[in-house]
Colleague: 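Let me begin by handing over the structure; questions about it come next.
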Number of protein chains: 2
Amino acid sequence: MNKKSYENFFINFANKTRLGIILCLKEKKMNVGEIVKKVGEEQSKVSHNLKQLSDCHIVNVEKNGKERIYSLNKKTVLPLLRLVEKHVKCNCSEKCKFCQKVYVI
Amino acid sequence: MNKKSYENFFINFANKTRLGIILCLKEKKMNVGEIVKKVGEEQSKVSHNLKQLSDCHIVNVEKNGKERIYSLNKKTVLPLLRLVEKHVKCNCSEKCKFCQKVYVI
DNA sequence: AACACATATGAATTATATTTCATATGAATA
DNA sequence: TATTCATATGAAATATAATTCATATGTGTT
């Protein structure tokens with residue numbers, strides 16, 4: 001796999017709005033309206049970001065009448081998030097002058 | 001852990017230059033000059049990006065005289081990259097009209 | 001001490017990504 | 001079929017990140 005592919009994958013997780021959506025879908029699948037309510041962001045903003053996430057298969061969509069139900073690709077995302085948590089736990093201490101800026105420990 | 005921490009972690013991998021550095025350090029530890037040569041980017045650009053990576057403990061630094069030797073945090077990075085490769089293999093087919101744009105399969 | 005080499009850094013510039021706003025689409029319903 | 005509801009979409013505006021350039025710092029050497 002090449003650089004650009006990795007980049008395109010990680011971009012999904014390098015943004016506040018999309019992370020909000022991702023973390024909110026950890027609990028359960030939701031339609032757009034529910035996500036909008038939960039994350040407290042504008043509908044079109046959420047839709048734009050959902051599109052990006054689903055293009056990359058980070059989330060999946062199913063239609064139900066006029067609503068669309070989004071669910072998290074847990075097989076990829078859960079281990080990914082766990083890896084990050086482990087990273088912070090293992091590498092980042094309060095003593096490090098950057099860790100406090102970078103990660104909320 | 002909170003949204004911002006995840007974001008700060010993933011930002012390291014969501015950029016061409018930093019990914020170039022990361023992939024190049026998979027092979028072996030290198031000083032800045034060697035990295036610059038290998039990735040073919042400007043020295044100050046590489047340094048700025050190395051700083052970001054090391055602030056987040058994605059790479060580690062050791063001093064040796066006037067040179068600084070950077071090495072990859074393989075414990076975090078190798079499983080992370082493997083996860084992405086698996087994701088693409090499992091979810092992204094040539095049939096999908098976005099996969100070709102998003103990932104080079 | 002003066003110099004050269006390796007690397008880092010700050011600030012301005014430039015590039016890129018994200019959001020916003022207005023509007024379109026498509027499904028259900030009166 | 002006109003209307004409403006849920007969601008998507010394009011393009012302009014804005015925000016954010018990355019690069020560049022000039023220069024600083026630190027270490028070893030003459």
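Below, each value reflects all heavy atoms present in this structure, side chains not excepted, and no hydrogens, waters or symmetry copies. Residue numbers begin at 1 in each chain, while the letters A, B, ... track the order of the sequences.
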Colleague: Under a 4.5 Å cut-off applied to non-hydrogen side-chain atoms, are A/Ile21 and A/Tyr70 in contact?
Modeller: no
Colleague: Quick check for you: to the nearest 0.5 Å, what is the distance between B/Glu41 atom CD and B/His48 atom NE2?
Modeller: 13.5 Å
Colleague: Rounded to the nearest 0.5 Å, what's the gap from SG on A/Cys90 to NE2 on A/His87? Could you check?
Modeller: 9.0 Å
Colleague: Apply the test side chain to side chain contact (heavy atoms under 4.5 Å, CB included) to residues B/Val39 and B/Thr17: give CA-CA distance (whole Å), side-chain angles for both, the deciding distance (0.1 Å), then the verdict.
Modeller: CA-CA 8 Å; B/Val39 300; B/Thr17 308; over 6 Å; no
Colleague: Could you check B/Asn2 against B/Ser5 for side-chain hydrogen bond (donor to acceptor under 3.5 Å, both in side chains), going step by step and ending with a plain yes or no?
Modeller: CA-CA 6 Å; B/Asn2 76 351; B/Ser5 299; 2.8 Å; yes
Colleague: Checking B/Lys75 now: which residues fulfil salt bridge (Lys or Arg N to Asp or Glu O under 4.0 Å) with it, not counting sequence neighbours?
Modeller: none
Colleague: Please output the side-chain donor-acceptor pairs of residues 96-105 of chain A that fall under 3.5 Å, not counting sequence neighbours, one pair per line with the distance.
Modeller:
residue, atom, partner, partner atom, Å
A/Gln100, NE2, A/Glu94, O, 2.8
A/Gln100, NE2, A/Cys96, O, 2.6
A/Tyr103, OH, B/Cys56, O, 3.1

Colleague: Rounded to the nearest 0.5 Å, how far apart are CG of A/Leu50 and OG of A/Ser44?
Modeller: 11.5 Å
Colleague: Working to the nearest 0.5 angstrom, can you tell me the gap between A/Ile11 CD1 and A/Asn15 CG?
Modeller: 10.0 Å
Colleague: Need two values: the first and the last nucleotide of DNA chain D, 5' to 3', having an atom under 4.0 Å from any heavy-atom of chain B.
Modeller: D/dA18 to D/dG28
Colleague: Measuring from atom CE of A/Met30 to atom CD1 of A/Ile69, what distance do you get when rounded to the nearest 0.5 angstrom?
Modeller: 11.5 Å
Colleague: Between B/Lys45 and A/Asn49, name the one whose nearest nucleotide on DNA chain C is closer to the 5' end.
Modeller: B/Lys45
Colleague: Would you kindly compare A/His48 and B/Ser44 by the position of their nearest DNA chain C nucleotide and give the one closer to the 5′ end?
Modeller: B/Ser44
Colleague: Under 4.0 Å, heavy atom to any atom of DNA chain C: which of residues 50-63 of chain A qualify?
Modeller: A/Gln52
Colleague: Supply the atom-to-atom distance A/Phe9 CZ to B/Leu81 CG, rounded to the nearest 0.5 angstrom.
Modeller: 10.0 Å
Colleague: How about A/Arg18 and A/Asn12: does a side-chain donor come under 3.5 Å of a side-chain acceptor?
Modeller: no
Colleague: Any base atoms under 4.0 Å from B/Gln43, or only sugar-phosphate, or nothing? Heavy atoms, all strands.
Modeller: base
Colleague: Compute the angle between the rotation axes at the two ends of the helix from C/dA1-D/dT30 to C/dA30-D/dT1, each taken over five pairs, rounded to 10 degrees.
Modeller: 10°
Colleague: Sub-3.5 Å donor-acceptor pair from the side chain of B/Glu34 to the main-chain atoms of B/Asn31, do we have one?
Modeller: yes
Colleague: Could you check which residues of residues 1-40 of chain B get a heavy atom under 4.0 Å from DNA chain C? Sort them by number, please.
Modeller: B/Asn31, B/Val32, B/Gly33
